[in-house]
Undergrad: 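Below are the structure tokens for one structure; questions will follow.
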Amino acid sequence: MQLVVARIGRAHGIKGEVTVEVRTDEPELRLGPGAVLATEPSAVGPLTIATGRVHSGRLLLRFEGVTDRTAAEALRNTLLIAEVDPEEVPEDPEEFYDHQLIDLDVVTRAGTEVGRISEISHLPYQDLLVVQRPDGSEVLIPFVSEIVPEIDLEEQRAVIDPPPGLLDDSQAEIASSREDS
């Protein structure tokens, strides 16, 4: 099974390094020197990682055969894809691969059906579960432990504890109001 592990960003310096937006919780395993990754678009790859380092909090990679800024810039926005055994699971029991979460039923702690996870949206600061509701609408659920306290892969369900207003706008609570003093 293929798993998107990173997206190539802009070139860094003049020797072929690129910044990458990491999309895996195991970058040391998936993005280490010698790793051979498929790409999207596929015509760009496969790419073999020559070196990797962290600079100012960002991961920088250099690929074999990419030796200058022009070649590095041509890789911008390319997705890096690792081949993963479908039976493999992350080492941390609180981590999940996207394919494990897709199609899980989503229910509240009270047992109310919310819908089914259709995709995972990876944002820079947190992931969102995109949940398809029975009526065809979508709801975005922040994938944080306070809101998604339980993932049960055996029962194929995600249990959520949504704050007021997350599932129904009419239940939203106003945190503060501005009044003229």
Undergrad: Determine whether Ile147 and Ile151 fall in the same hydrophobic cluster, where Ile, Leu, Val, Met, Phe, Trp and Tyr are linked whenever their side-chain heavy atoms lie under 4.5 Å apart.
TA: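 Yes.
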
Undergrad: Is there a donor-acceptor pair under 3.5 Å between the side chain of Glu73 and the backbone N or O of Thr70?
TA: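 Such a contact is absent between Glu73 side chain and Thr70 backbone.
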
Undergrad: Donor-acceptor pairs under 3.5 Å, side chain of residues 4-16 to any protein atom, not counting sequence neighbours: which ones?
TA:
from : atom 1 : to    : atom 2 : distance (Å)
Arg7 : NE     : Glu21 : OE1    : 3.3
Arg7 : NH1    : Asn77 : OD1    : 2.4
Arg7 : NH2    : Glu21 : OE1    : 3.0

Undergrad: Arg157 and Glu150: salt bridge (Lys or Arg N to Asp or Glu O under 4.0 Å), yes or no, with the steps?
TA: CA-CA 8 Å; Arg157 70 179 186 163; Glu150 181 184 343; 3.7 Å; yes

Undergrad: Got a second to check how far Leu101's CG is from Ile117's CD1, nearest 0.5 Å?
TA: 5.5 Å

Undergrad: Verify the cluster assignment for Ile120 and Val159: are they in a single hydrophobic cluster under the rule of side-chain heavy atoms below 4.5 Å apart?
TA: no

Undergrad: Restricting to non-hydrogen atoms, name the atom on Val66 and the atom on Ala72 that form the minimum distance, rounded to 0.1 Å.
TA: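 Nearest heavy atoms, Val66 then Ala72: CG1-N, 3.7 Å.
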
Undergrad: Distance check, rounded to the nearest 0.5 Å: Asp105 atom CG versus Glu155 atom CD?
TA: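 These two atoms lie 10.5 Å from each other.
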
Undergrad: Check whether any side-chain heavy atom of Val130 sits under 4.5 Å from a side-chain heavy atom of Leu140, and report yes or no.
TA: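 Side-chain contact under 4.5 Å: yes.
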
Undergrad: Could you check whether any side-chain N or O of Thr39 sits under 3.5 Å from a backbone N or O of Thr78, counting only pairs where one atom can act as donor and the other as acceptor?
TA: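 Absent.
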
Undergrad: Linking I/L/V/M/F/W/Y whenever any side-chain heavy atoms sit under 4.5 Å apart, do Ile160 and Leu153 land together?
TA: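 Both belong to a single hydrophobic cluster.
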
Undergrad: Measure from the side-chain N and O atoms of Ser145 to the backbone N and O of Pro149, and report whether any donor-acceptor pair falls under 3.5 Å.
TA: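 Checking the backbone N and O of Pro149 against the side chain of Ser145, no donor-acceptor pair under 3.5 Å is found.
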
Undergrad: Hey, any chance Val131 and Val144 share a hydrophobic cluster, counting ILVMFWY side chains that come within less than 4.5 Å of each other, even indirectly?
TA: yes

Undergrad: State, to 0.1 Å, how close Leu61 and Leu31 come at their nearest heavy-atom pair, and which atoms those are.
TA: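 So the minimum-distance heavy-atom pair works out to CD2-O, 3.9 Å.
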
Undergrad: Check the pair Leu166 / Ile141 against side-chain contact (heavy atoms from CB on, under 4.5 Å), numbers first and verdict last.
TA: CA-CA 8 Å; Leu166 183 65; Ile141 310 281; 3.9 Å; yes

Undergrad: List the atom pairs, with distances to 0.1 Å, where a side-chain N or O of residues 46-53 and a protein N or O form a donor-acceptor pair under 3.5 Å, not counting sequence neighbours.
TA:
from  : atom 1 : to    : atom 2 : distance (Å)
Arg53 : NE     : Glu17 : OE2    : 2.9
Arg53 : NH2    : Glu17 : OE1    : 2.9

Undergrad: Could you pull out the closest heavy-atom pair between Val148 and Pro142, with the gap in Å?
TA: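 Residues Val148 and Pro142, closest heavy atoms: CG2-O, 3.6 Å.
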
Undergrad: In terms of hydrophobic clustering (I, L, V, M, F, W, Y; side-chain heavy atoms under 4.5 Å; direct or indirect links), are Leu60 and Leu80 co-clustered?
TA: no

Undergrad: Taking Arg116 for its side chain and Asp103 for its backbone only, find out whether a donor-acceptor pair lies under 3.5 Å.
TA: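 Checked: pair present.
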
